[in-house]
2 protein chains.
Amino acid sequence: MTENLPKVRAPSIRDVARLAGVSHQTVSRVLNNHPSIRESTKARVLQVMDDLQYRPNRAARALSRGRSRTIGILSAQSTEYGPASSIAAIQDAAREAGYYVNTANLTTVDEESIEAALMHLMLQAVEGIVVIAPQVRVFDVLEQLSITVPFVSLQSTGHLDDHALSVDQIAGARLATRHLIDLGHRRIYHLAGPQDWIEAEARMRGFLDEMWAMDVPTTAPILGDWTADFGYRAGRELFSRPDFTAIFSSNDQMALGLMHAARDAGLGIPRDISIVGFDDIPEAAHFWPPLTTVRQDFEELGRRCVALLLSNLPGNEPIADQEPVLPRLIVRDSTAPPSF
Amino acid sequence: MTENLPKVRAPSIRDVARLAGVSHQTVSRVLNNHPSIRESTKARVLQVMDDLQYRPNRAARALSRGRSRTIGILSAQSTEYGPASSIAAIQDAAREAGYYVNTANLTTVDEESIEAALMHLMLQAVEGIVVIAPQVRVFDVLEQLSITVPFVSLQSTGHLDDHALSVDQIAGARLATRHLIDLGHRRIYHLAGPQDWIEAEARMRGFLDEMWAMDVPTTAPILGDWTADFGYRAGRELFSRPDFTAIFSSNDQMALGLMHAARDAGLGIPRDISIVGFDDIPEAAHFWPPLTTVRQDFEELGRRCVALLLSNLPGNEPIADQEPVLPRLIVRDSTAPPSF
DNA sequence: TGTTCACATGTGCACGGTCACAAGTGTGAT
DNA sequence: ATCACACTTGTGACCGTGCACATGTGAACA
């Protein structure tokens, strides 16, 4: 590791000012490209900056302006495809807008952990927070701590308000369910996500709504944990007494586990059982069989999310209401009419 | 969004000091739990802090101390399971150590993009950088910009030095290759990652080394892009003239694509072709057939990475050399002896 | 030629901490 | 009673930038 022992201080605007023969304020004006600066002066200052390899000190800037230009992300399950894609998109969009991003991961979802993560973000003086850990409890804690910065939540019910932005999960779930019903299925199970995930709840609601609307009797959804492992275990049990012809899984990973269990039970997909997933992860097209699923545009979501959040920051102008991001049904080979 | 119009300034140490009847310096001492402070004074100050909901201002602290307590992550493909897991682990470990983390994603791998991302990090005055975008070019740029902060790279050749820390990719690849050879395969293809990824190169080297050591003739590896889609396309071509009995894919996603293509071509796995992957993503156990692969402990890697980086920061004591993180072969059902 | 005004630039302080140094207090030894 | 010394606390400057305000300059106009 290279280390300059003489401990040279990084050049400041005053260093630049001295060498350029101007005042530090002029340098500051160049930095913030203030309109009324003579071109020649500006050029000279820029030249010196370049020579000195000057880099503005962010801490000083944040201190004097009282703004950190940082937004925080509060996330859970950040290793999964959906959240990871959104996070990446958020970071890119924020960087584009000149903001820094700081992510706090939730390992567990107890109140203490949520509080610790939020504190971590607040200590950084984030100007806004994006929540991608859509457990119901997170919002309780947010209110409880009386967080004063604006926040936006990804993945919610599809209902748009100041705080929420999402793919319309309910519509997506209805799409998937309707697809199965249209194929002729009448005994359809739903493998849902964890109970306290708003997202899981929305998909479940979409499923139940559509079943109700189409007048198809339903059974209670099974609550899972998003993992393929869980899907497999749930599948082992379900396929031991197959009193149904289709399953709508609330994500692709659990659907994968289900298909694995179906093979173990000697059931053909889609011959004996139809399966629909949710998310359309890049691997879904290569599952066996290729999975019919609901596609969400996570990147688009991340971008819009940043736009919405930034528009809520003081000093920025509010943007117009956004249309919801609509999900799309991708029909592949894991669904077919039931074989009676 | 709640907004206090009176624009109340957040309380500072001087506010706390005034109310506690002490000097601002005493408050500062409490904050940094300096040894010689009377218990009663400390208690009083803490009480006032609590009353005022005082939160130290990070910018001011960073400015006066000249340390940001922030580390940067430079990453590419951050939506994939491996990198995402490591990133999450790094964030957790850093937060535990009292550091903040800022991530810059690489969308493209041209020099300009790398430079922009690095600049973004340097502008934040990160004290160290973790590189998880192990393209060869990244390091060129790092040197070229004469980045002065310590940096550590994840996923390298398995050779440990000040800058690199990784699962021993070469050993992992040898493990996978040896497994195929031990089963009796002699015509083995390798589906590698992108050429400029150090990681891909290491796995390729491991493959070639083992083939050479076991005296098995090899063909040139195919260069892929890590995606299941690529694996599928490569597979379509390969399986049209199956002059081989096994493939070692340098990650699980491409292996998935290969298996998809094999099914399309009417080839049984492992009956006609054996396939080994790399990474052991959580879904691999549920592929059809369940995938034999090499497991890497990404979390462990992330944690160690932070430990190594922090130990290289001025002021912290260097930690002892770490042992390499060893990969493990996970044998499932996608490999079997060749059927002649 | 003096006045007005826009433009260009400079001066000094504030932001909220930390640091170096000074100073006050109490205890025990002489 | 005096002194040394450890412990506790206070004072003022400083980190690098941006802001409010002051000032200097030249052109347009009366």
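Values in this document were obtained by computation on a predicted structure and should not be read as measured data.
Within 4.0 Å (heavy atoms only), A/S12 reaches sugar-phosphate atoms of the nucleic acid but no base atom. Here A/V22 lies in heavy-atom contact (under 4.0 Å) with sugar-phosphate atoms only.
Remark: A/S28 is not in phosphate contact with D/dT17, judged by side-chain N or O atoms under 4.0 Å from OP1 or OP2. In this model, the phosphate group of D/dT9 is approached by a side-chain N or O of B/T41 to a distance below 4.0 Å at OP1 or OP2.
Legend: ring pair (Phe, Tyr, Trp, His ring centres under 6.0 Å) pairs involving residues 35-88 of chain B, not counting sequence neighbours, sorted by first then second residue: B/Y81-B/F298. Identified under the side-chain hydrogen bond (donor to acceptor under 3.5 Å, both in side chains) test for residues 110-120 of chain A, with sequence neighbours left out: A/T108-A/D110.
For the pair A/V101 and A/I90, the tightest heavy-atom approach, listed with the atom from each and the gap, is CG2-O, 4.4 Å.
Residues satisfying the side chain to side chain donor-acceptor pair (under 3.5 Å) test with A/T79, not counting sequence neighbours, are none. Listed by chain and number, the residues in a side chain to side chain donor-acceptor pair (under 3.5 Å) with A/S85 amount to none (sequence neighbours excluded). With sequence neighbours excluded, no residue satisfies side chain to side chain donor-acceptor pair (under 3.5 Å) with A/T107. Legend: residues meeting salt bridge (Lys or Arg N to Asp or Glu O under 4.0 Å) with A/E80, ordered by chain and number and at least two apart, are absent.
Within residues 13-21 of chain A, the residues that have a heavy atom under 4.0 Å from DNA chain D are, in order of number, A/I13, A/R14. Non-hydrogen atoms lying under 4.0 Å from DNA chain C are contributed by A/L63, A/S64, all within residues 55-65 of chain A.
Here chain A contacts DNA chain C (any atom closer than 4.0 Å to a heavy atom, that is under 4.0 Å), and the contacts span C/dC7 to C/dG16 from 5' to 3'.
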Please tabulate, for side-chain N and O atoms in residues 15-31 of chain A, each donor-acceptor pair with protein atoms closer than 3.5 Å (sequence neighbours left out).
| from | atom 1 | to | atom 2 | distance (Å) |
| --- | --- | --- | --- | --- |
| A/D15 | OD1 | A/R18 | NH2 | 2.7 |
| A/D15 | OD2 | A/S12 | N | 2.8 |
| A/S23 | OG | A/Q25 | N | 3.4 |
| A/S23 | OG | A/T26 | N | 3.3 |
| A/S23 | OG | A/T26 | OG1 | 3.3 |

Name each donor-acceptor pair under 3.5 Å that joins a side chain in residues 55-62 of chain A to protein atoms two or more places apart or in another chain, with its distance.
| from | atom 1 | to | atom 2 | distance (Å) |
| --- | --- | --- | --- | --- |
| A/R55 | NH2 | A/Q53 | OE1 | 3.2 |
| A/N57 | OD1 | A/A59 | N | 2.8 |
| A/N57 | OD1 | A/A60 | N | 2.9 |
| A/R58 | NE | B/Q124 | OE1 | 3.4 |
| A/R58 | NH1 | A/S68 | O | 3.0 |
| A/R58 | NH1 | A/T70 | OG1 | 3.1 |
| A/R58 | NH2 | B/Q124 | OE1 | 2.9 |

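Taking five base pairs at each end of the helix from C/dT1-D/dA30 to C/dT30-D/dA1, the local helix axes there meet at an angle of 50°, rounded to 10°.
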